[in-house]
**Student:** 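Can you read through this structure? Questions will come right after.
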Amino acid sequence: APGIVNPHESKLVVDGFYGKWDLLGLGHHLATSYGLKVFFYNDVNAAAWGEYIMARSSRDNLVYLAGGSGLGLGIILNGELYLGRSGSAGEISHLLVSSLFPLCPSDEVSLALAENRYIPLSSRASFRVLLKELNRQKQVLSESRSGRKNVLDNQDFLNLLKMGDVEAHRLAQSMGESLAILIYNLVMLLDTELIVLDRAYQPFVKHIDLTLKCLGRHFRQDEINISVSTLGEKAANYGLADLAVEKLITRWAVQGGKS
């Protein structure tokens with residue numbers, strides 16, 4: 001599920017693009033209704049674990065950066081999925097960054113934040129904001145020519161990139177630079193061995209690499225291992241399956257081998 005999953009309280013909290021949910025004891029209600037053991041995991045954390053177990057490498061420190069309507073981070077530290085105190089580790093959409101030259105100046109940013117020159121990271125590095133700005137730019141031309149609004153989606157953005165569209169490339173560069181700075185900060189903070197990017201970030205890899213080269217004087221770029229996921233949506237499925245088995249084995253062991 002998207003959102004913050006507190007594993008200690010079976011609590012799911014979603015507040016943002018998907019609406020606001022605060023569901024306490026949801027696992028208990030579902031278990032009672034269906035007679036099954038129910039566990040919750042954040043989708044990005046599950047994908048991070050899936051990437052880790054399927055990589056079959058000696059790297060025990062990995063960060064998975066997920067794309068989509070917002071931003072999400074799954075963290076593997078010393079071979080363990082790191083969830084934090086309440087399960088909110090990796091919720092990076094609301095990290096504050098400089099509002100100078102924001103990707104989307106028209107994004108809904110509170111006046112107080114704007115005056116302080118700080119905005120949420122999701123205002124600089126999310127597809128939702130990128131597409132909003134792209135549509136804002138393109139609809140001016142579309143309406144002036146045909147009088148109709150044409151809403152552009154991710155595929156339209158990719159097509160514009162292939163066609164060499166100037167505005168699409170500007171937005172790709174801006175988002176790639178923001179992602180590179182995020183990756184740089186993650187490496188400096190966590191000293192991670194591998195950064196795995198969601199497939200959705202493939203169009204920005206070139207700009208990420210170029211920006212990291214500019215930051216290269218602070219560290220050796222060859223120390224940062226970045227790869228694009230080859231698992232795609234399967235990563236979360238693999239992760240969930242493995243985590244569920246681990247939960248069941250742990251429960252079985254605690255109960256003394258009784259089913």
Side-chain angles (χ1 to χ4, degrees), residues 1-4 13-21 42-44 47 64-73 90-183 185 197-208 210-211 228-229 232-233:
I4 301 172
V13 178
V14 178
D15 186 4
F17 179 74
Y18 295 97
K20 186 169 184 176
W21 310 339
N42 170 274
D43 55 345
V44 179
Y64 175 75
L65 184 60
S69 57
L71 280 172
L73 197 70
E91 292 293 325
I92 59 174
S93 286
H94 299 293
L95 287 179
L96 296 181
V97 296
S98 171
S99 64
L100 297 177
F101 309 110
L103 174 62
C104 183
S106 59
D107 198 39
E108 295 84 7
V109 180
S110 71
L111 181 60
L113 287 176
E115 288 179 344
N116 290 323
R117 295 186 177 182
Y118 295 107
I119 58 175
L121 178 61
S122 58
S123 294
R124 294 294 304 272
S126 74
F127 282 96
R128 179 172 60 89
V129 175
L130 182 148
L131 290 175
K132 182 176 180 179
E133 177 64 7
L134 183 64
N135 275 284
R136 188 181 72 83
Q137 295 284 344
K138 296 303 180 182
Q139 282 179 8
V140 173
L141 296 175
S142 177
E143 288 185 84
S144 64
R145 293 172 180 172
S146 63
R148 295 179 300 176
K149 288 186 177 181
N150 297 311
V151 179
L152 304 176
D153 58 18
N154 283 2
Q155 190 56 53
D156 293 320
F157 168 67
L158 294 177
N159 291 338
L160 287 169
L161 282 179
K162 292 179 181 178
M163 294 166 55
D165 183 83
V166 174
E167 185 59 29
H169 276 277
R170 183 188 70 79
L171 291 172
Q173 179 180 356
S174 177
M175 186 160 164
E177 290 172 352
S178 297
L179 290 170
I181 293 171
L182 170 61
I183 289 170
N185 288 332
L197 302 179
D198 189 325
R199 280 183 181 176
Y201 288 126
Q202 182 66 60
F204 311 102
V205 169
K206 178 180 72 173
H207 300 294
I208 291 172
L210 288 173
T211 304
V228 178
S229 173
E233 295 179 356

**Student:** Taking only residues two or more places apart in sequence or in another chain, which ones pass salt bridge (charged side-chain N to carboxylate O under 4.0 Å, His left out) with D165?
**Tutor:** K138
**Student:** Please give me the minimum heavy-atom distance between V44 and A66, naming the atom from each residue.
**Tutor:** CG2-CB, 3.7 Å
**Student:** Can you name the nearest heavy-atom pair linking F157 to A172, along with the distance?
**Tutor:** CZ-CB, 4.1 Å
**Student:** Using the side chain to side chain donor-acceptor pair (under 3.5 Å) criterion, which residues pair with S93? Sequence neighbours excluded.
**Tutor:** none
**Student:** Quick one: does any side-chain atom of Y201 pair with a main-chain N or O of G176 as donor and acceptor, under 3.5 Å?
**Tutor:**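 Side chain of Y201 to backbone of G176, a donor-acceptor pair under 3.5 Å: no, none is there.
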**Student:** Can you sort out the partners of E167 under salt bridge (charged side-chain N to carboxylate O under 4.0 Å, His left out), two or more places apart, ordered by chain and number?
**Tutor:**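 Applying salt bridge (charged side-chain N to carboxylate O under 4.0 Å, His left out) to E167 gives R170.
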**Student:** What pair of heavy atoms forms the shortest contact from G232 to S229, and how long is it?
**Tutor:**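 Looking at all heavy atoms of both residues, the closest pair is N-OG, 3.2 Å.
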**Student:** Ignoring hydrogens, what is the shortest heavy-atom contact between A125 and L71? Give both atom names and the distance.
**Tutor:** O-CD2, 3.1 Å
**Student:** With sequence neighbours left out, write down each residue that passes side chain to side chain contact (heavy atoms under 4.5 Å, CB included) with V205, or none if nothing qualifies.
**Tutor:**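 Residues passing side chain to side chain contact (heavy atoms under 4.5 Å, CB included) with V205: L197, Q202, D209, V228.
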**Student:** Kindly compute the distance separating CG (L182) from OG1 (T211), expressed to the nearest 0.5 Å.
**Tutor:**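 Spacing of CG (L182) from OG1 (T211) equals 12.0 Å.
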**Student:** For Q173, check side chain to side chain donor-acceptor pair (under 3.5 Å) against everything at least two apart and list the hits.
**Tutor:**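 Here the qualifying residues are E177.
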**Student:** I'd like to check the side chain to side chain contact (heavy atoms under 4.5 Å, CB included) partners of D153; sequence neighbours left out, ordered by chain and number.
**Tutor:**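 Side chain to side chain contact (heavy atoms under 4.5 Å, CB included) list for D153, sorted by chain: Q155, D156.
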**Student:** Out of curiosity, F204 CZ to I208 CD1, how far, rounded to the nearest 0.5 Å?
**Tutor:** 8.0 Å
**Student:** State, yes or no, whether a side-chain contact exists between I92 and L65 at a heavy-atom distance under 4.5 Å.
**Tutor:** yes
**Student:** What is the minimum heavy-atom distance between L158 and P203, and which atoms define it?
**Tutor:**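 Heavy atoms only, the tightest pair is CD2-CG, 3.3 Å.
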**Student:** Rounded to the nearest 0.5 Å, what's the gap from CG on L130 to OG on S174? Could you check?
**Tutor:** 8.5 Å
**Student:** If you take all heavy atoms of A47 and Y64, which pair is closest and at what distance?
**Tutor:**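 Looking at all heavy atoms of both residues, the shortest contact is CB-CE2, 3.5 Å.
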